[in-house]
Amino acid sequence: MGRRRCFEEARRYAFALAYGPGAITLVDAALGGGGIPINCGDLPLELFSKLSSALPGAHIGVDLGAAKNGLVMVWRGHPLLHAVVPADTLRRILASVSGIAEVAVGASPYVDPSPIFEELSRLCGSVKVKLVDERRASLGRYWLWRKYPELSEDEVDALSFVLSPGIALDICRQPL
């Protein structure tokens with residue numbers, strides 16, 4: 001990946017990251033080289049954006065909160081990325097992803113998902129958006145916490161939303 005500082009920070013967001021060549025090689029854009037170039041300045045945005053386009057069919061889980069939001073990316077059943085981000089960073093990440101197949105958003109009486117609808121509507125036609133009942137999805141939370149103890153509560157919730165069934169949300173329908 002390049003500079004050790006960049007690698008250490010990226011490791012905070014990736015489930016499995018090795019320092020050296022691998023199946024997917026991330027490279028520090030400042031140093032160049034073969035692989036997926038990553039700008040180390042805004043790593044959550046760069047990682048979600050670049051890996052979503054490099055790995056088509058990924059699923060994203062979103063746990064909306066008042067001050068912070070949990071976010072995960074799963075590809076072919078394997079968790080790849082996780083982060084806790086503020087609302088503006090979440091909107092920028094959702095606006096930058098491409099090639100994803102599904103976005104799972106937690107739904108509860110305490111959270112309004114409408115602030116991210118604009119970013120989700122940009123993905124219309126290629127992405128399934130589903131709302132997941134947070135109470136029902138929370139049944140798998142403790143199992144996920146044991147399996148991934150490094151995750152925060154918001155990230156575990158977002159991961160449980162990706163893995164849970166939900167209802168399709170049709171935000172792409174044209175008005176009559």
Side-chain angles (χ1 to χ4, degrees), residues 1 4-26 35-36 38 40 42-87 89-94 96-108 110-111 113 116 119-120 127-167:
M1 178 145 184
R4 186 71 179 185
R5 176 193 58 78
C6 190
F7 170 77
E8 290 299 330
E9 186 173 348
R11 198 165 67 165
R12 292 180 20 209
Y13 305 111
F15 279 91
L17 187 65
Y19 197 73
I24 301 168
T25 304
L26 303 175
I36 302 169
I38 301 292
C40 297
D42 190 357
L43 271 174
L45 175 65
E46 285 287 306
L47 289 170
F48 278 90
S49 173
K50 299 290 176 77
L51 286 177
S52 68
S53 63
L55 302 170
H59 293 208
I60 292 191
V62 179
D63 178 37
L64 296 171
K68 57 185 179 170
N69 306 279
L71 186 64
V72 297
M73 180 186 290
V74 175
W75 186 63
R76 295 185 177 173
H78 300 285
L80 294 178
L81 300 172
H82 58 92
V84 176
V85 296
T89 302
L90 173 64
R91 285 193 297 277
R92 289 187 310 147
I93 289 172
L94 290 174
S96 73
V97 296
S98 61
I100 60 173
E102 180 178 280
V103 177
V105 181
S108 79
Y110 309 108
V111 177
I116 62 170
E119 288 76 17
L120 294 175
V127 176
K128 176 184 172 187
V129 178
K130 71 178 181 180
L131 283 179
V132 176
D133 181 357
E134 289 194 19
R135 286 177 289 169
R136 187 173 278 170
S138 70
L139 298 174
R141 176 188 291 168
Y142 299 107
W143 176 81
L144 289 171
W145 244 333
R146 280 188 229 128
K147 185 167 176 124
Y148 304 107
E150 70 276 11
L151 296 182
S152 71
E153 181 178 358
D154 296 315
E155 292 166 327
V156 167
D157 287 345
L159 183 56
S160 71
F161 301 155
V162 169
L163 302 175
S164 297
I167 59 167

Which donor-acceptor pairs under 3.5 Å do side chains of residues 142-153 form with protein atoms, sequence neighbours excluded?
| unit_1 | atom_1 | unit_2 | atom_2 | d |
| --- | --- | --- | --- | --- |
| W145 | NE1 | L151 | O | 3.3 |
| S152 | OG | E155 | N | 3.3 |
| S152 | OG | E155 | OE1 | 3.3 |

Considering only distance and modelled atom types, tabulate donor-acceptor pairs under 3.5 Å from the side chains of residues 97-104, sequence neighbours left out.
| unit_1 | atom_1 | unit_2 | atom_2 | d |
| --- | --- | --- | --- | --- |
| E102 | OE2 | H59 | ND1 | 3.4 |
| E102 | OE2 | K130 | NZ | 3.3 |

Side-chain contact test, heavy atoms from C-beta onward, threshold under 4.5 Å: evaluate it for [X] versus [Y] and give yes or no.
X    : Y    : answer
L120 : V127 : no
V72  : P79  : no
R92  : D42  : yes
T89  : N69  : no
S52  : M73  : yes

- Item | Name of the residue among D154, V85, L90 meeting side-chain contact (heavy atoms from CB on, under 4.5 Å) with K68 |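 Of the listed options, the one satisfying the test is D154.
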Going from [atom1] on [X] to [atom2] on [Y], what distance comes out if it is rounded to the nearest 0.5 angstrom?
X    : Y    : atom1 : atom2 : result
R91  : I116 : CZ    : CD1   : 9.5 Å
L81  : L43  : CG    : CG    : 10.5 Å
L47  : Y13  : CG    : OH    : 8.5 Å
F161 : D133 : CZ    : CG    : 9.0 Å
D63  : E134 : CG    : CD    : 5.5 Å
L64  : L71  : CG    : CG    : 10.0 Å

- Item | Heavy-atom donor-acceptor pair, S53 side chain to K50 backbone, under 3.5 Å | yes
- Query: Closest approach of S96 and L45, non-hydrogen atoms and distance?
  - Reply: OG-CD1, 3.4 Å
